[in-house]
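Contents: one structure, followed by commentary.
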Amino acid sequence: MSGQPKTKKRDRKRRGFFLFLLWASAGFLIAGAVALYKASGLLQLHDPPKRADAIVVPGGNPVRAFHAARLFRDGHAPIVYVDKPALSSGDIRIRTAGIEWPREEELTTQILLKEGVPHSVIRFYGPTRSTAEEAEVLARMLTAKPCSLLVVTSPSHTRRARMIFRDALPHCVITVVGTPDEELPAAWWLSQDAARQVLLETVKIFFYKLGGRYRTGS
């Protein structure tokens with residue numbers, strides 16, 4: 001009989017522990033659901049555009065060049081840096097087949113020129129395979145030199161770009177601006193494009209925070 005109180009006490013502890021796990025799991029799921037619901041706003045971290053030494057157009061979407069050109073025309077910077085993304089296996093296969101397939105930086109350059117940016121102020125950097133590598137390449141180009149960069153990118157990419165560029169270029173003032181030519185609605189789950197951006201960017205942020213980096217040749 002003396003063992004029964006101890007058994008009951010252990011049972012109460014087990015029940016308490018399982019209840020704790022249940023509530024903790026429920027809280028985690030609710031917090032995750034709320035974060036996903038608000039993901040559109042959480043991913044966007046726009047800085048007010050201000051004058052800089054150069055405008056940077058990261059790889060990923062040539063449409064970003066339209067806003068970069070506006071900022072250039074408004075006198076925000078005298079130089080525009082354009083990324084040269086590394087060719088994907090699909091790009092290489094298409095070119096190997098003899099099919100014309102313009103490189104991304106060529107499309108970006110065409111937009112800049114058409115929107116009034118002189119060819120003489122366009123600079124290229126790369127090839128690169130990720131935002132992290134872009135920031136690293138620019139850091140090597142601008143080593144030990146104080147600078148200010150105005151990064152123009154997609155709305156969903158602003159938070160991650162801000163984080164990565166500021167980590168890689170601590171000696172530079174980094175301003176990140178989202179282009180108005182791309183939309184990221186609050187109800188992102190209703191748009192296939194927006195859902196793809198939100199889910200992919202969320203994974204990429206965690207990947208970066210865990211130390212993941214993609215570089216040319218990897």
Side-chain angles (χ1 to χ4, degrees), residues 40 43-95 99-138 141-142 147-162 164-165 169 172 174-185 191-194 196-198 200-201 204 214 216:
S40 172
L43 289 174
Q44 299 183 69
L45 191 61
H46 303 272
D47 294 319
K50 56 186 178 183
R51 182 164 177 78
D53 295 325
I55 293 169
V56 177
V57 185
N61 192 341
V63 170
R64 299 165 180 171
F66 284 105
H67 196 47
R70 291 188 201 104
L71 293 170
F72 174 83
R73 293 197 308 267
D74 289 343
H76 281 85
I79 298 173
V80 180
Y81 282 106
V82 174
D83 177 46
K84 296 176 66 175
L87 293 176
S88 67
S89 57
D91 292 329
I92 295 171
R93 180 69 184 89
I94 291 170
R95 284 173 171 76
I99 299 170
E100 290 189 14
W101 184 257
R103 293 182 62 103
E104 183 182 310
E105 68 269 18
E106 293 172 353
L107 293 174
T108 300
T109 301
Q110 288 182 40
I111 293 171
L112 290 172
L113 294 174
K114 189 173 181 59
E115 294 297 308
V117 179
H119 202 288
S120 59
V121 305
I122 299 175
R123 308 283 188 272
F124 297 96
Y125 66 97
T128 67
R129 196 169 293 282
S130 65
T131 304
E133 189 173 26
E134 288 185 58
E136 290 168 358
V137 170
L138 284 170
M141 292 172 61
L142 304 169
C147 65
S148 55
L149 299 177
L150 180 56
V151 182
V152 183
T153 190
S154 304
S156 63
H157 186 226
T158 50
R159 178 174 289 275
R160 186 164 61 92
R162 193 171 187 254
I164 292 173
F165 274 85
L169 294 110
C172 295
I174 304 297
T175 303
V176 179
V177 178
T179 171
D181 299 295
E182 296 179 65
E183 294 184 1
L184 187 61
S191 165
Q192 185 181 48
D193 287 341
R196 185 185 300 111
Q197 292 176 50
V198 166
L200 188 58
E201 277 297 322
K204 285 183 174 181
Y214 286 119
T216 308

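- Considering only residues two or more places apart in sequence or on other chains, Pro102 meets the side-chain contact (heavy atoms from CB on, under 4.5 Å) condition with Glu106, Leu107.
- For Glu182, there are no salt bridge (Lys or Arg N to Asp or Glu O under 4.0 Å) partners two or more places apart in sequence or in a different chain.
- Between the Arg64 side chain and the Val151 main chain, no donor and acceptor come within less than 3.5 Å of each other.
- Shortest non-hydrogen contact noted between Val117 and Ile122 is CG1-CG1, 4.0 Å.
- Looking at Glu183, Gln197, His46, Glu201 one by one, the single match for side chain to side chain contact (heavy atoms under 4.5 Å, CB included) with Pro155 turns out to be His46.
- Residues Asp83 and Tyr125 form a side-chain contact, since some pair of their non-hydrogen atoms from C-beta on lies under 4.5 Å apart.
- Salt bridge status for Glu115 with Arg73: present, with a side-chain N to carboxylate O gap under 4.0 Å.
- Shown are Val176, Val80, Ile55; of these, the side chain to side chain contact (heavy atoms under 4.5 Å, CB included) with Val152 is made only by Ile55.
- At least one side-chain heavy atom of Pro78 sits under 4.5 Å from a side-chain heavy atom of Arg51.
- A side-chain donor-acceptor contact under 3.5 Å links Asn61 to the backbone of Val63.
- Between the Ser130 side chain and the Glu133 main chain, a donor and an acceptor come within less than 3.5 Å of each other.
- The main-chain N or O of Thr128 is never found under 3.5 Å from a side-chain atom of Glu134 such that the two would form a donor-acceptor pair.
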ask   = Do Asp181 and Thr179 pass the side-chain hydrogen bond (donor to acceptor under 3.5 Å, both in side chains) test, and can you show the C-alpha distance, the side-chain angles, and the key distance before you say yes or no?
value = CA-CA 5 Å; Asp181 299 295; Thr179 171; 3.1 Å; yes

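- Annotation: side-chain contact (heavy atoms from CB on, under 4.5 Å) contacts of Lys50 (sequence neighbours excluded): Val173, Thr175.
- In this structure, the side chains of Thr153 and Thr131 stay at 4.5 Å or more apart for every pair of heavy atoms.
- Taking the side chain as every heavy atom from C-beta outward, Leu112 and Phe72 never approach each other to under 4.5 Å.
- A 4.5 Å side-chain heavy-atom check between Leu113 and His119 finds at least one atom pair inside the cut-off.
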